[in-house]
Amino acid sequence: MFVRDAMSTVVLTIGPTHTLRQAAALMSARRVGAAVVHDPDAGGIGILTERDILNSVGRGQDPDTERAHAHTTTDVVFAAPAWTLEEAAQAMTHGGFRHLIVLDDDEPAGIVSVRDIIRCWVPSRQQVPA
């Protein structure tokens with residue numbers, strides 16, 4: 001299987017000046033664990049994850065004043081839709097992260113997470129006849 005088969009095409013994109021509370025509310029509403037942060041002034045595309053927000057709040061920072069740009073990972077490893085799921089899993093394991101932005105023609109086409117990969121690798125439960 002390939003990344004294109006597993007990735008979510010629901011890509012939440014936010015700006016660098018969104019507060020962490022705004023980002024968390026948008027992520028919760030869309031039921032996603034990461035947002036693409038588009039910041040043309042800082043070099044393009046980064047990622048903000050639920051863990052980034054959790055770490056900030058855990059340090060006692062105010063989610064109403066902390067901005068996405070201060071917590072965005074900008075040294076991003078991008079996946080291609082044609083990558084195998086094994087390649088994506090290796091990149092995640094090597095980098096110590098759980099989400100990859102999938103680029104197609106240099107534009108975000110989706111996000112693939114560890115959960116997405118597991119769903120593809122683990123057969124769905126078959127219903128047991130009653």
Side-chain angles (χ1 to χ4, degrees):
M1 288 193 99
F2 298 95
V3 166
R4 71 175 150 264
D5 302 319
M7 72 183 192
S8 170
T9 56
V10 176
V11 179
L12 173 61
T13 302
I14 63 172
T17 60
H18 275 79
T19 66
L20 293 187
R21 184 175 307 280
Q22 290 170 324
L26 290 167
M27 290 164 67
S28 177
R30 298 258 183 110
R31 300 184 51 82
V32 297
V36 172
V37 181
H38 184 254
D39 188 356
D41 295 333
I45 299 172
I47 191 167
L48 178 74
T49 68
E50 56 200 355
R51 178 155 303 162
D52 297 325
I53 296 169
L54 181 67
N55 287 340
S56 173
V57 171
R59 287 191 297 270
Q61 297 174 331
D62 183 353
D64 290 314
T65 59
E66 287 296 310
R67 302 293 172 176
H69 68 83
H71 302 277
T72 298
T73 300
T74 55
D75 184 19
V76 179
V77 174
F78 297 102
W83 277 19
T84 65
L85 294 184
E86 288 81 8
E87 288 173 304
Q90 286 175 346
M92 290 175 181
T93 301
H94 180 73
F97 43 80
R98 298 178 300 162
H99 297 87
L100 287 169
I101 299 172
V102 182
L103 292 184
D104 194 11
D105 292 328
D106 294 326
E107 292 295 323
I111 293 183
V112 65
S113 69
V114 170
R115 181 176 291 162
D116 297 325
I117 293 171
I118 291 170
R119 272 192 214 126
C120 289
W121 283 349
V122 175
S124 15
R125 294 185 199 183
Q126 295 182 5
Q127 289 188 337
V128 177

- [ ] Check whether M92 and M7 end up in the same hydrophobic cluster, where Ile, Leu, Val, Met, Phe, Trp and Tyr are linked by side-chain heavy atoms less than 4.5 Å apart.
- [x] yes

Open item on the list: To the closest 0.5 Å, what do you measure between CD (E66) and CZ (R21)?
Closed with: 12.0 Å

Task: Minimum heavy-atom distance H71-R67, with the two atoms named - done: CD2-O, 3.3 Å

Task: V122, D116, I117 screened by side-chain contact (heavy atoms from CB on, under 4.5 Å) with R119, the one that passes - done: D116

- [ ] Answer yes or no: is there a donor N or O on one side and an acceptor on the other, between the side chain of S8 and the main chain of V10, under 3.5 Å?
- [x] yes

Open item on the list: I'd like to check F97 versus T73 (side-chain heavy atoms, cut-off strictly below 4.5 Å). Are they in contact?
Closed with: no

TODO: Spell out, yes or no, whether F2 and W121 are grouped together once hydrophobic residues are joined by side-chain heavy atoms under 4.5 Å, including indirect joins.
DONE: no

TODO: Quick one: pull up CE in M27 and OG1 in T49 and give me the separation to the nearest 0.5 Å.
DONE: 6.5 Å

Task: Joint cluster assignment, W83 & V114, ILVMFWY side-chain distance < 4.5 Å - done: yes

Open item on the list: Using every non-hydrogen atom in the two residues, find where L100 and A91 come nearest and quote the distance to one decimal.
Closed with: CD1-CB, 4.5 Å

Task: Shared hydrophobic cluster for V76 and V37 (ILVMFWY, side-chain gaps under 4.5 Å) - done: no

Task: Candidate list I45, I14, L48, test side-chain contact (heavy atoms from CB on, under 4.5 Å), partner V36, passing option - done: I45

